[in-house]
Amino acid sequence: MLILAIESSCDETAAAVVRDGREVLSNVVASQVATHAEYGGVVPEIASRKHLEAVSLVVREALSGASMTLDAIEGVAVTRGPGLPGALLVGVSAAKAIAYARKLPLVGIHHIEAHLFAPFLERPVEFPFLALVVSGGHTHLYRVDGFGMYATLGQTLDDAAGEAFDKVGKLAGLPYPGGIAIDRLAAEGDPRSIHLPRPLLHDGSCNFSFSGLKTAVLNYVRKNPGSTEGEHLKNLCASFQAAVCEVLVAKTEAAILAIGAKRLVVAGGVACNSALRAGMAKMAERRGVDLRIPSPILCSDNAAMLAVPADHYLQMGMDAGLALDSLQTWRLDDVAAERR
Ligand code: KG4
Ligand code: ZN
């Protein structure tokens, strides 16, 4: 089945053409990062307008990149939520218009469900597997037993990992999004130079908390003039990144032991982080677990990843039709309950 997928949940307008939920024929991402960087974070109203300007162009580019027209498309997938309401509305409206005009089946996909299946575009992963999704809005550990079969094992009690990266980046005077800038600077810093807390490291749960760590960085910066400059800034980035990664790896390891996982998927924008990729690889090797982290382009927001679950649901005969609405908040557990 040839699927056209559209994603517009945050600050990337994306469209892709994927065959059989596996073969990516095109994967176009129009990023608004430069626009939002001026404001130090995503401005929802600007995001909606930018999506509106970009969506038709991005869809057209995805089709031409796959050397086809809409005539060849057999199904449409779109991010239904969670995300910014105005931003989601643009993608959902575009997908509904295309599906209606072309009499194609349409399926609304949960953004995190899409991230979970991104590695399948490179090589399928056998069920069941443990998944850590780390993005700007999520830090969740799931047990994945199949399409639509998800159980939450743990989650952040406050900030998501990506949110913490971006907030620390902002207070250190780095460009938005902070995660990318911190990763780059940390490579030249000493991760042991500044002692920062490892929140909930030994609480016995699979939950996370990052807001205290962010506050610890803020307090350190206030007490240490010059800590956001030169070598000192590199050390600060490396120390903060090490604290986040140590907690993410340790909690994932605890979840592996708790459910006896043999396979681990790490996905979402923060999965681009070089220290996290290295830390997870080391831990997975020690535990004899098959680790799958998608290539960076498939970790951050894109539309191709939607096509993996969408192919499954469309093959089952699912069609949301014109009744499809967007959902600003939507728990993955509720998707699992709905699909059952
Ligand atoms: O999945 P994503 O592209 O969008 C959301 O669904 O949120 O994730 C974006 C997040 C941002 O917080 C960004 O700072 C973070 O991923 N990120 C990184 C890196 N690249 C992106 N964080 C740490 N290191 C990176 N290399
Ligand atoms: Zn995302």
Side-chain angles (χ1 to χ4, degrees), residues 5-14 16 27 29-34 36-37 40-42 44 47 51 78-84 87-88 91 109-119 131-140 156 159-172 174-187 189 191 208 210 213-214 237-238 240-249 265-280 293-306 308-309 328-330 332:
I6 301 172
E7 143 71 25
S8 68
S9 63
C10 190
D11 59 350
E12 259 106 29
T13 322
N27 193 14
V29 181
S31 177
Q32 308 174 2
V33 158
H36 297 292
V42 179
H51 283 305
V78 67
T79 306
R80 185 184 181 199
L84 301 170
L88 287 166
I109 299 293
H110 190 289
H111 183 65
I112 297 306
E113 186 175 30
H115 274 302
L116 280 178
F117 289 106
L132 172 71
V133 180
V134 266
S135 69
H138 286 76
T139 301
H140 282 61
T156 181
D159 291 354
E163 193 179 352
F165 267 102
D166 296 343
K167 284 178 176 171
V168 166
K170 196 170 180 176
L171 71 88
L174 296 171
Y176 173 84
I180 296 169
I182 288 174
D183 192 357
R184 211 181 49 242
L185 286 165
F208 306 89
F210 293 109
L213 175 58
K214 171 204 64 197
C237 288
F240 165 72
Q241 181 175 276
V244 175
C245 293
E246 190 180 324
V247 175
L248 290 173
V249 171
V265 162
V266 182
V270 182
C272 293
N273 186 270
S274 47
L276 184 62
R277 294 173 87 95
M280 284 290 180
I293 311 181
S295 311
I297 176 77
L298 295 173
C299 284
S300 46
D301 288 349
N302 67 89
M305 62 186 185
L306 273 77
V308 183
Q328 178 182 1
T329 52
W330 190 15
L332 194 59

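Remember, predicted model here, so these are calculated numbers, not experimental data. Start at 1 and go down the list; that is how both ligands and their atoms are numbered. Only heavy atoms go into these numbers, but all of them, side chains included; no hydrogens, no water, no symmetry mates.
A donor-acceptor contact shorter than 3.5 Å links the side chain of D166 to the backbone of G179. A side-chain donor-acceptor contact under 3.5 Å links H110 to the backbone of W330. For the pair E12 (side chain) and V29 (backbone), a donor-acceptor distance under 3.5 Å is absent. Looking at H51, its side chain does come within 3.5 Å of a backbone N or O of C10 through a donor-acceptor pair.
In terms of N/O distances under 3.5 Å, ligand 1 is not approached by E12. Checked against a 3.5 angstrom limit, the closest N/O atoms of G178 and ligand 1 fall outside it. Between D301 and ligand 1, a contact under 3.5 Å exists for at least one N or O pair. Between P177 and ligand 1, no pair of N/O atoms sits closer than 3.5 Å.
Taking each of I112, T79, D166 in turn, the one with a heavy atom nearest to atom 12 (O) of ligand 1 proves to be D166. Compare G179, G137, G268 by their heavy atoms: the one nearest to atom 25 (C) of ligand 1 is in G179.
Protein contacts to the Zn ion (ligand 2) involving N, O or S atoms at a distance below 2.8 Å are H111 NE2, H115 NE2, D301 OD1.
T139 is listed as a side-chain neighbour of L248, based on a closest heavy-atom distance under 4.5 Å. I109 has its side chain out of reach of F117: every pair of non-hydrogen atoms, C-beta onward, lies at least 4.5 Å apart.
For ligand 1, the atoms lying closer than 4.0 Å to a non-hydrogen atom of G162 are 12 (O). Heavy-atom proximity to H115, at under 4.0 Å, picks out these atoms of ligand 1: 1 (O), 6 (O). Heavy-atom contacts of C272 reach the following atoms of ligand 1: 20 (N), 26 (N) (cutoff under 4.0 Å). Proximity to D183 (heavy-atom distance under 4.0 Å) selects the following atoms of ligand 1: 24 (N), 25 (C), 26 (N). Applying the 4.0 Å criterion to heavy atoms of S300 picks out, from ligand 1, the atoms 3 (O).
At least one heavy atom of H111 sits closer than 4.0 Å to an atom of ligand 1. In this structure, H138 does not count as a contact residue of ligand 1, since none of its heavy atoms falls inside 4.0 Å of the ligand.
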Which donor-acceptor pairs under 3.5 Å do the side chains of residues 293-305 make with protein atoms, sequence neighbours left out?
residue: S295; atom: OG; partner: E122; partner atom: OE2; Å: 2.3
residue: S300; atom: OG; partner: P296; partner atom: O; Å: 3.3
residue: D301; atom: OD1; partner: H111; partner atom: NE2; Å: 3.0
residue: D301; atom: OD1; partner: H115; partner atom: NE2; Å: 3.0
residue: N302; atom: OD1; partner: A304; partner atom: N; Å: 3.1
residue: N302; atom: OD1; partner: M305; partner atom: N; Å: 3.0
residue: N302; atom: ND2; partner: L298; partner atom: O; Å: 3.3
residue: N302; atom: ND2; partner: S300; partner atom: O; Å: 2.9

Between F165 and F240, does the ring pair (Phe, Tyr, Trp, His ring centres under 6.0 Å) criterion hold? Intermediate values first, please.
CA-CA 9 Å; F165 267 102; F240 165 72; 5.2 Å; yes
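Note that CG of L88 is 8.0 Å distant from CD of Q328, once rounded to the nearest 0.5 Å. Distance check: E163 CD to F210 CZ gives 11.0 Å after rounding to the nearest 0.5 Å. Put simply, NE2 on H140 and CD1 on I112 are 7.5 Å apart, with the number rounded to the nearest 0.5 Å. Atoms CG and CD1, from L185 and I180 in turn, are 12.5 Å apart once rounded to the nearest 0.5 Å. Atoms OH and CG, on Y176 and D11 in that order, are 4.5 Å from each other to the nearest 0.5 Å. Put simply, OG on S9 and CZ on R80 are 14.5 Å apart, with the number rounded to the nearest 0.5 Å.
The single protein non-hydrogen atom nearest to atom 8 (O) of ligand 1 is G269 CA, 3.3 Å, given as residue, atom name and distance. Atom 10 (C) of ligand 1 has G136 N, 3.6 Å as its closest protein atom, hydrogens excluded (heavy atom only). The nearest heavy-atom contact from the protein to atom 15 (C) of ligand 1 is V270 CG2, 3.9 Å. The shortest contact between atom 24 (N) of ligand 1 and any protein heavy atom is with N273 ND2, 3.0 Å.
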